[in-house]
Each structure stands twice: as C-alpha cells, then as structure tokens.
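Within every chain, numbering begins at 1; the chains are lettered A, B, ... in the order of the sequence lines, protein sequences first and strands thereafter. Computed from heavy atoms alone, side chains included, the values below leave out hydrogens, waters and symmetry copies.
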Number of protein chains: 2
Amino acid sequence: MEHFTELKATKIFSFSSEFECQAMMFCFKTRFKTFDKNQKIVSQGEPMNDVALILKGSANVENIDSLGNISIVMRLKKGDVYGVESAYARDDVYKDSLIATEKTLVMFMDSHRLITPCENRCKRHDLVVKNLMRMMAESNIRLLDKLTHMAKKNIRDKVLSYLYSISQKQQSTYFEIPFNVTELANYLSVDRSALSNELSKLKKEGLIDYEKKQYHLIKKDKYDE
Amino acid sequence: MEHFTELKATKIFSFSSEFECQAMMFCFKTRFKTFDKNQKIVSQGEPMNDVALILKGSANVENIDSLGNISIVMRLKKGDVYGVESAYARDDVYKDSLIATEKTLVMFMDSHRLITPCENRCKRHDLVVKNLMRMMAESNIRLLDKLTHMAKKNIRDKVLSYLYSISQKQQSTYFEIPFNVTELANYLSVDRSALSNELSKLKKEGLIDYEKKQYHLIKKDKYDE
DNA sequence: CCGATTTTGTTGTGAAAACAACACTTTTTA
DNA sequence: TAAAAAGTGTTGTTTTCACAACAAAATCGG
C-alpha cells in the first residue's frame with residue numbers, strides 16, 4: 001500500500017494494520033500529493049473540503065489580513081493535521097493558507113466523511129476520532145501557549161517566553177527552533193529588524209546564545225520557576 | 001433531579017433524559033457548587049482533577065505570569081467547559097485560574113472518568129465525548145480568532161479586529177461585548193489607559209460608538225470584506 | 001442610601017517598537 | 001558555480017505604547 005509506512009508513523013493511524021488503513025482511506029476518500037518548498041497546500045479563502053495530514057516535511061499555517069500583513073499562526077510537522085476544528089465547526093472556506101516549508105507529502109481526507117459517523121462502520125473509525133480528539137487537545141494547548149507569549153508587552157519578554165517554552169518542551173537549554181528570524185518575527189507578530197536587534201542585545205548581555213536556528217538559554221532569570 | 005434544567009440546556013448534555021443524566025453524573029462523579037462574583041472556581045497551579053462546566057453565570061479564564069501580569073485568556077459563558085484539553089493532555093495542574101464574573105453555578109466532573117471509555121457503558125457516554133469534541137473545536141476557533149486580534153501591531157487595529165469579529169458573530173453592527181474596558185485591555189494585552197484613549201479617539205472620529213458594554217460599528221473601513 | 005471601592009477618561013513623559021534604508025551574508029537555483 | 005534571491009544585522013527616525021498620576025463617574029456592599 002502506498003505510503004503505509006508514513007501513515008503508520010502518525011498518531012492518527014498508528015494503531016492500524018495495513019488492511020484497516022486501506023479501508024479507512026476508502027472511507028475518507030484520501031488523496032496524496034507532494035509539494036515543493038513554498039508551495040501552497042491549501043489557500044486561505046478557498047472552499048474547504050479536506051483535512052490535510054502532513055506525512056513528510058513540514059508547513060506553516062499562515063494568515064494574511066485585509067491589509068496584507070502575514071502572520072504565521074503555527075508550524076506543522078510530520079503527523080500534524082490542519083483543518084479538523086474547521087471541519088467540526090462546518091466552516092465552508094479555509095481560514096488560513098498552508099505553505100510547505102520544505103518538500104512535503106500531504107494526505108487529504110474528506111472533511112465531511114471524517115467527522116461523520118461511518119455507516120460502513122470501518123472498524124477503527126471510532127479510534128481515529130479519538131485520536132483526532134487528542135490532537136485537537138494538543139493544538140488547543142499549543143495555541144494557549146502561543147497566547148502567553150503574545151500577551152507579553154515587549155519583544156524581549158515575548159521572545160524569552162517563547163524560547164523558554166521550547167526549552168522546557170525539549171528538556172534542555174540547548175535546542176533548535178523551527179523558525180528563522182524572519183519567520184519568528186511573523187510568528188510573534190513583531191517587526192523583523194526589531195526582533196533581530198533584541199536577539200543581538202540578549203546575546204551581548206549573555207542571556208542567550210544562538211547560531212541560525214540553534215539556541216542556548218544561558219540565564220533563565222525571571223522565567224525560572 | 002438537581003439542576004437538570006440547566007444541564008439539559010448545555011450542549012454537552014442536551015440530548016439526555018433525566019435518567020441518563022443521573023447515570024452519567026454518577027459515572028463522572030459530579031459535584032455542584034455556586035460561586036460569588038470574583039471567587040476563584042479553580043486556581044492556577046493547583047492539582048487538576050476536575051473539568052468545570054458552567055451551568056449558570058460566567059467566568060474569566062485568567063493567567064498570571066511570573067511577573068504578576070494578569071491576562072484574560074477568554075470568557076466562559078453558560079454551557080462552556082474549562083479543562084477538557086488539559087484533561088486529554090493529562091496535565092497535572094491547572095494552567096489558569098477560573099474566576100467567576102458574577103454569581104455562577106459550576107458542575108465539576110472527574111477529568112479522568114470523563115476521558116476514559118466507560119466500563120459501565122453508560123449509554124450516552126460516547127455522545128458526550130462527541131459533544132466535547134465539538135466544544136474543543138469551537139474553543140480552538142475562538143483561540144485562533146483571538147490570535148488574529150493579538151497579531152495586529154497597534155491597539156487601534158487590535159480593538160477594531162476584535163469588535164469586527166464580535167459584530168460578525170452577532171450579525172449586527174450593534175452588539176454587546178462581555179468585557180468592560182479594563183477587562184478588554186487584559187484580554188487584548190494592552191495598557192488600560194491606552195485602550196481607553198484609543199476608544200475615545202475612535203468615537204471622536206466617528207468610526208465607532210459605545211456606551212458601557214454596548215458598541216456600534218459605524219464604518220468598518222478596511223475591515224470590510 | 002451613603003461611604004468605600006472600582007472603573008474610567010485624560011494628560012504628559014519616557015521607553016519601546018515599527019518602519020525604512022542599506023550593506024552584508026547565506027541560500028537558492030538555473 | 002555564478003548570479004539572483006532571500007535573510008540578517010545595524011542604524012536613525014517617527015509613531016505608538018506603557019506607565020504614572022489624578023479627578024470624575026459608576027458600582028458595590030453594608
């Protein structure tokens with residue numbers, strides 16, 4: 001079966017045998033597609049019919065407002081899904097664009113089929129729903145986390161709060177972040193040059209060290225617990 | 001049965017008969033409690049054992065960071081729940097405090113019982129899970145919505161984005177918001193006096209009108225679609 | 001109903017961030 | 001592998017915001 005290895009590696013389908021996967025793929029009317037870096041996987045404002053599951057690579061969830069400001073909502077990695085909450089809320093269009101940040105393999109699933117109790121009763125559909133639930137819970141937590149960074153009143157606290165949370169997640173003061181400086185600025189909704197400036201200062205002051213996407217939190221200061 | 005009317009009015013239990021409710025209440029080890037205005041319903045950092053369901057009244061989800069800054073994460077109304085995503089993520093402590101904003105009746109449900117498939121197989125447990133799922137999807141969307149407001153680079157755009165989204169939701173340019181100015185400032189993470197000032201300007205310029213919590217969007221300008 | 005507390009609008013000041021411009025470096029790609 | 005494109009660090013200028021202070025208005029609680 002096509003891409004079974006990747007599918008098996010995701011949280012959603014981890015439990016499934018190849019046979020079960022095949023049944024569900026039929027049930028969810030899945031399609032596969034590979035995208036190059038910077039290609040649009042889904043487009044903000046277009047009719048929403050599918051939920052996207054990242055099988056290989058990664059992608060940014062990006063939102064552009066009416067003034068053209070780009071905001072990176074979050075970064076999706078292998079195994080993450082986009083569009084589940086919209087499917088449940090019965091949105092008719094995509095609220096964001098999904099942009100591949102490298103060569104990325106995506107599986108699309110019919111959103112209606114996914115959230116509707118299966119008449120065929122493909123055996124593990126319930127379990128899929130349960131896994132989706134856990135993923136939605138995690139997404140919720142990620143968003144709450146992001147909100148705590150964005151709630152800080154200056155760039156320094158925003159970025160330190162962000163770095164601190166990554167450090168905690170990775171259980172180390174040495175860690176890699178998924179963004180370059182420009183992207184991080186969009187993620188935190190601050191000016192790129194101002195962020196670059198602040199990072200320089202933090203480095204000069206010996207609070208952090210970094211090189212490309214590799215960071216080291218030296219003094220955690222007030223963010224200690 | 002105690003509080004059946006209120007329970008029946010919530011999304012989670014809307015389908016249930018009094019008998020079924022009673023069975024589930026046993027299953028979820030529910031407890032009821034009434035809180036006065038400004039009383040803490042759950043406390044940030046304390047052990048998390050229960051999911052809270054608002055049956056009457058309303059409450060703020062508030063987060064205090066290590067520097068003492070208060071941030072209002074969201075406002076919960078009748079029928080809303082707090083803690084589902086934490087329950088699924090198996091958090092051991094509450095990440096926020098829940099503060100009653102008026103006299104509020106809360107039902108607590110054992111979080112472990114809630115997310116664990118029921119051995120007793122109380123008939124509608126699956127349906128409850130499905131409803132929780134929809135609520136989590138909605139919560140997700142609310143958070144995404146809030147992020148778009150917070151992503152704006154100045155107060156004016158933040159508050160206009162917020163007001164515009166409420167207006168859309170209520171399908172009218174006349175609407176009521178759940179926050180007073182001080183609370184709205186905490187919700188949007190901006191200085192209260194700066195927000196008050198900006199609102200005054202917007203009123204002077206004829207873009208909006210307001211009185212207490214009643215607002216009127218006059219010109220939607222660039223936020224039009 | 002009245003005194004106490006909280007909320008609000010306003011103003012001024014200093015700090016911080018957005019914006020713009022530019023040279024330099026890194027990465028992409030043809 | 002060289003040219004083009006994208007990302008980065010730095011600086012100066014302008015705008016915006018946080019902060020502090022205070023009087024007035026509204027709300028609360030006994």
Between [atom2] on [N] and [atom1] on [X], what's the gap in Å once rounded to a whole number?
X      : N      : atom1 : atom2 : value
A:N180 : D:dA6  : CG    : C1'   : 9 Å
B:E183 : C:dT8  : CD    : P     : 8 Å
B:N38  : D:dC28 : CG    : P     : 10 Å
B:R192 : C:dT7  : CZ    : P     : 10 Å
B:L184 : C:dG9  : CG    : P     : 11 Å
B:K201 : D:dT16 : NZ    : P     : 7 Å
B:E211 : C:dT7  : CD    : C1'   : 14 Å
B:E102 : D:dC28 : CD    : P     : 11 Å

Determine the contact category for [X]: base if any of its heavy atoms lies under 4.0 Å from a base atom, sugar-phosphate if only primed atoms, P, OP1 or OP2 are that close, otherwise nothing.
X      : value
B:S200 : sugar-phosphate
A:N154 : sugar-phosphate
A:L199 : nothing

**Message:** Ring of B:F108, cation from B:K33 - is the NZ or CZ under 6.0 Å from the centre and inside 45° of the axis?
**Reply:** no

**Complete:** Among the nucleotides C:dA17, D:dC28, D:dA18, whichever has the atom closest to the side chain of A:E198 is C:dA17

**Request:** State which of D:dT8, C:dA17, C:dT8 makes the closest approach to the side chain of B:V181.
**Result:** C:dT8

**Message:** Under 3.5 Å, is there any donor-acceptor pair linking the side chain of A:S193 to the base of C:dA18?
**Reply:** no

**Item:** Check: A:T182 side chain, D:dA6 base, donor-acceptor under 3.5 Å
**Value:** no

**Prompt:** Does the side chain of A:Y210 come within less than 4.5 Å of A:K203's, by heavy atoms?
**Reply:** yes

**Asked** If only side-chain N and O atoms of B:K153 are considered, is one of them under 4.0 Å from the OP1 or OP2 phosphate oxygen of D:dT16?
**Response** no

**Item:** Any B:K212 side-chain nitrogen or oxygen under 4.0 Å from OP1 or OP2 of D:dT27
**Value:** yes

**Request:** Please work out which of the three classes, parallel, tilted or perpendicular, describes the rings of B:F32 and B:H3, given edges at 30° and 60°.
**Result:** tilted

**Message:** Restricting to non-hydrogen atoms, name the atom on B:F179 and the atom on B:K213 that form the minimum distance, rounded to 0.1 Å.
**Reply:** O-CG, 3.6 Å

Which donor-acceptor pairs under 3.5 Å do the side chains of residues 49-61 of chain B make with protein atoms, sequence neighbours left out?
| from | atom 1 | to | atom 2 | distance (Å) |
| --- | --- | --- | --- | --- |
| B:D50 | OD2 | B:R31 | NH2 | 2.9 |
| B:S58 | OG | B:T101 | OG1 | 2.7 |
| B:S58 | OG | B:E102 | OE2 | 2.6 |
| B:N60 | OD1 | B:R75 | NE | 2.7 |
| B:N60 | OD1 | B:R75 | NH2 | 3.3 |
| B:N60 | ND2 | B:E183 | OE2 | 3.4 |

